[in-house]
Amino acid sequence: MNLGHASAACLIQPVMPELPEVETVANGVNARVRGQRIERVTLGSKPEPLKSPAALIEETLTGAKIERVHRVGKTIVMDLRRSDGTHAQATVHLGMTGRLLVSQPDVPVPPHTHAILHLGDGREVRFVDPRRFGRIGVVAEDTKYEGPGAEPLTISEANFAALFRGRKTPIKAALLNQALLHGVGNIYADESLFRAGIRPKRHAGRLTRAELLKLHGSLQTVLKQAIHLGGSSVSDYVDADGVRGFFQLEHRVYSRTGQPCRECGEPIQRIVVGGRSTHFCKKCQK
DNA sequence: AGGTTGACCTGGACGC
DNA sequence: TGCGTCCAGGTCAACC
């Protein structure tokens with residue numbers, strides 16, 4: 001594998017950042033920029049994917065010190081300390097194709113770069129997003145970004161089960177609903193349902209207690225496994241021009257339409273649930 | 001109000 | 001070769 005000539009095409013390779021990928025990115029950026037001061041901010045000229053007014057973003061970030069970078073749901077959060085001593089936060093959502101790169105200034109700026117944070121030591125944090133589904137914003141002074149829903153990695157079994165009580169929507173759609181759980185996307189929804197043996201179209205409110213507990217466990221297991229393995233590739237994706245793939249989860253069902261189930265050999269089915277492609281094994285999932 | 005659908009956006013895959 | 005079409009999906013707005 002040749003890392004020395006990571007091309008722009010490689011950079012744009014679709015990766016679908018969900019919770020584990022976002023956590024990996026946040027940890028990697030944190031390790032590299034924590035403690036740095038943002039000297040200035042460059043935002044692109046076109047209508048950029050901003051969640052807050054450009055002027056507010058510039059004003060909030062300029063001169064601020066990055067105290068910590070972490071993840072909330074699928075959002076990367078930068079804890080900032082401003083020069084006047086107040087606290088603020090920047091939020092970066094990667095959308096579908098977003099990247100947050102820490103680069104030396106002499107590395108060519110990739111296409112579709114929408115924001116650059118110029119750090120005190122000369123390096124740059126670059127927000128790159130070809131498909132423009134990502135968003136960058138700031139959180140009002142002294143309020144903490146908490147995201148829309150519950151944190152899937154730490155939610156208790158009881159609270160998890162309570163999320164779906166009385167819901168008529170398919171369990172797959174409920175898992176994707178960020179107001180309930182934030183951070184679960186299409187891949188991990190399919191993979192956790194497979195591991196729990198539950199069909200994606202089952203009504204969320206009709207799942208048995210035992211099934212919900214199994215789903216709780218399988219979701220946390222698959223997310224933690226992905227984070228664990230993703231962590232090992234941190235050094236690859238933020239380096240200068242380099243963007244290699246994240247850890248590729250060994251998918252059991254996702255994107256395996258027609259291929260034999262790894263458990264029973266039955267061909268994996270593809271259907272559409274909640275407007276999203278959905279993959280499952282009709283023999284292993286009831 | 002819960003649930004569902006489609007728009008947004010662009011690169012890549014695929015078919016002819 | 002090149003063009004057209006479709007697909008991917010997180011989130012939000014609009015609608016039922």
Side-chain angles (χ1 to χ4, degrees), chain A residues 6-26 44-52 71-77 91-100 110-115 127-137 139 145-152 162-193 200-207 223 226 243 245-246 248-249 251 253-258 268-280:
Chain A
S7 65
C10 175
L11 186 94
I12 298 167
Q13 218 163 31
V15 166
M16 286 171 260
E18 295 188 31
L19 187 152
E21 290 77 18
V22 175
E23 171 121 351
T24 300
V25 172
S45 48
K46 276 296 138 255
E48 295 296 358
L50 307 179
K51 209 178 173 68
S52 310
R71 174 194 66 79
V72 177
K74 277 179 228 178
T75 300
I76 297 166
V77 178
T91 60
V92 180
H93 197 295
L94 299 177
M96 202 182 146
T97 53
R99 298 281 189 283
L100 205 55
H112 309 292
T113 297
H114 306 298
F127 174 55
V128 185
D129 184 14
R131 209 160 296 181
R132 306 171 68 94
F133 277 15
R135 288 290 179 271
I136 185 164
V139 174
Y145 180 80
E146 290 183 340
E151 170 60 45
L163 290 178
F164 306 108
R165 206 162 288 151
R167 298 213 167 251
K168 290 180 163 180
T169 192
I171 183 63
K172 160 81 183 254
L175 284 173
L176 291 179
N177 183 347
Q178 303 292 299
L180 298 179
L181 286 171
H182 59 205
V184 182
N186 210 30
I187 297 173
Y188 297 98
D190 281 3
E191 293 297 320
S192 63
L193 284 170
K201 273 190 157 172
R202 294 270 306 280
H203 285 194
R206 298 252 181 87
L207 296 181
L223 290 175
V243 174
F246 291 93
Q248 303 294 317
L249 179 71
H251 301 137
V253 288
Y254 181 79
S255 196
R256 295 194 65 244
T257 310
I268 298 301
Q269 311 283 308
R270 180 192 179 277
I271 58 176
V272 174
V273 179
R276 289 290 165 249
S277 74
T278 298
H279 314 77
F280 73 104

Discussion item. So does Gly205(A) get a backbone contact from the side chain of His203(A), meaning a donor-acceptor N/O pair under 3.5 Å?
Written reply: no

Worksheet entry | Side-chain donor/acceptor of Arg276(A) to backbone N/O of Thr278(A), under 3.5 Å | no

Roughly, in whole Å, what's the span from [atom1] in [X] to [atom2] in [N]?
X: Arg135(A); N: dG9(C); atom1: CZ; atom2: P; result: 19 Å
X: Leu181(A); N: dG10(C); atom1: CG; atom2: C1'; result: 15 Å
X: Ile171(A); N: dT4(B); atom1: CD1; atom2: P; result: 12 Å
X: Arg131(A); N: dT10(B); atom1: CZ; atom2: P; result: 10 Å
X: Ile76(A); N: dG10(C); atom1: CD1; atom2: P; result: 15 Å
X: His114(A); N: dC8(B); atom1: NE2; atom2: C1'; result: 13 Å
X: Leu176(A); N: dG9(C); atom1: CG; atom2: P; result: 10 Å
X: Ile271(A); N: dC7(C); atom1: CD1; atom2: P; result: 16 Å

Item to complete: Tell me the stems DNA chain B sits in, counting at least three consecutive Watson-Crick or G-U wobble pairs, each under 3.5 Å on both distances.
Response: B:2-16 with C:2-16

Heavy-atom closest contact ([X] atom, [Y] atom, distance):
X: Leu193(A); Y: Leu175(A); result: CG-CD1, 3.8 Å
X: Gly134(A); Y: Asp129(A); result: N-OD2, 2.6 Å
X: Pro170(A); Y: Pro200(A); result: CB-O, 3.5 Å

Discussion item. Nearest to the side chain of Gln178(A), heavy atoms from C-beta on, is which of dG9(C), dT11(C), dC9(B)?
Written reply: dT11(C)

Discussion item. Side chain of Arg132(A), heavy atoms from C-beta onward: which of dT10(B), dG10(C), dA8(C) has the nearest atom to it?
Written reply: dT10(B)

Worksheet item: Is Glu21(A) salt-bridged to Arg99(A), cutoff N-O under 4.0 Å?
Response: no

Discussion item. Is it the case that the side chains of Asp190(A) and His279(A) hold a donor-acceptor pair, with the cut-off being a distance below 3.5 Å and no angle test?
Written reply: yes

So, does [X] get its side chain near the phosphate of [N], meaning an N or O under 4.0 Å from OP1 or OP2?
X: His112(A); N: dG11(B); result: yes
X: Arg270(A); N: dA8(C); result: yes
X: Thr97(A); N: dT10(B); result: no
X: Lys51(A); N: dT11(C); result: no

Sub-3.5 Å pairs of nitrogen or oxygen atoms, protein against nucleotides 1-3 of chain B:
{"residue": "dG3(B)", "atom": "OP1", "partner": "Lys168(A)", "partner atom": "N", "Å": "2.8"}
{"residue": "dG3(B)", "atom": "OP2", "partner": "Arg167(A)", "partner atom": "NH1", "Å": "2.5"}

Worksheet item: At what distance, to the nearest 0.5 angstrom, does OG of Ser192(A) lie from CG of Leu223(A)?
Response: 7.5 Å

Worksheet, complete the sentence: Value for NZ (Lys51(A)) from OG1 (Thr91(A)), rounded to nearest 0.5 Å, stands at 7.0 Å

Worksheet item: Has the side chain of Arg276(A) got a donor or acceptor that lies under 3.5 Å from a partner of the other kind on the base of dT11(C)?
Response: yes

Fill in: Ring geometry between Tyr254(A) and His251(A) (parallel below 30°, tilted from 30 to 60°, perpendicular above 60°)
perpendicular

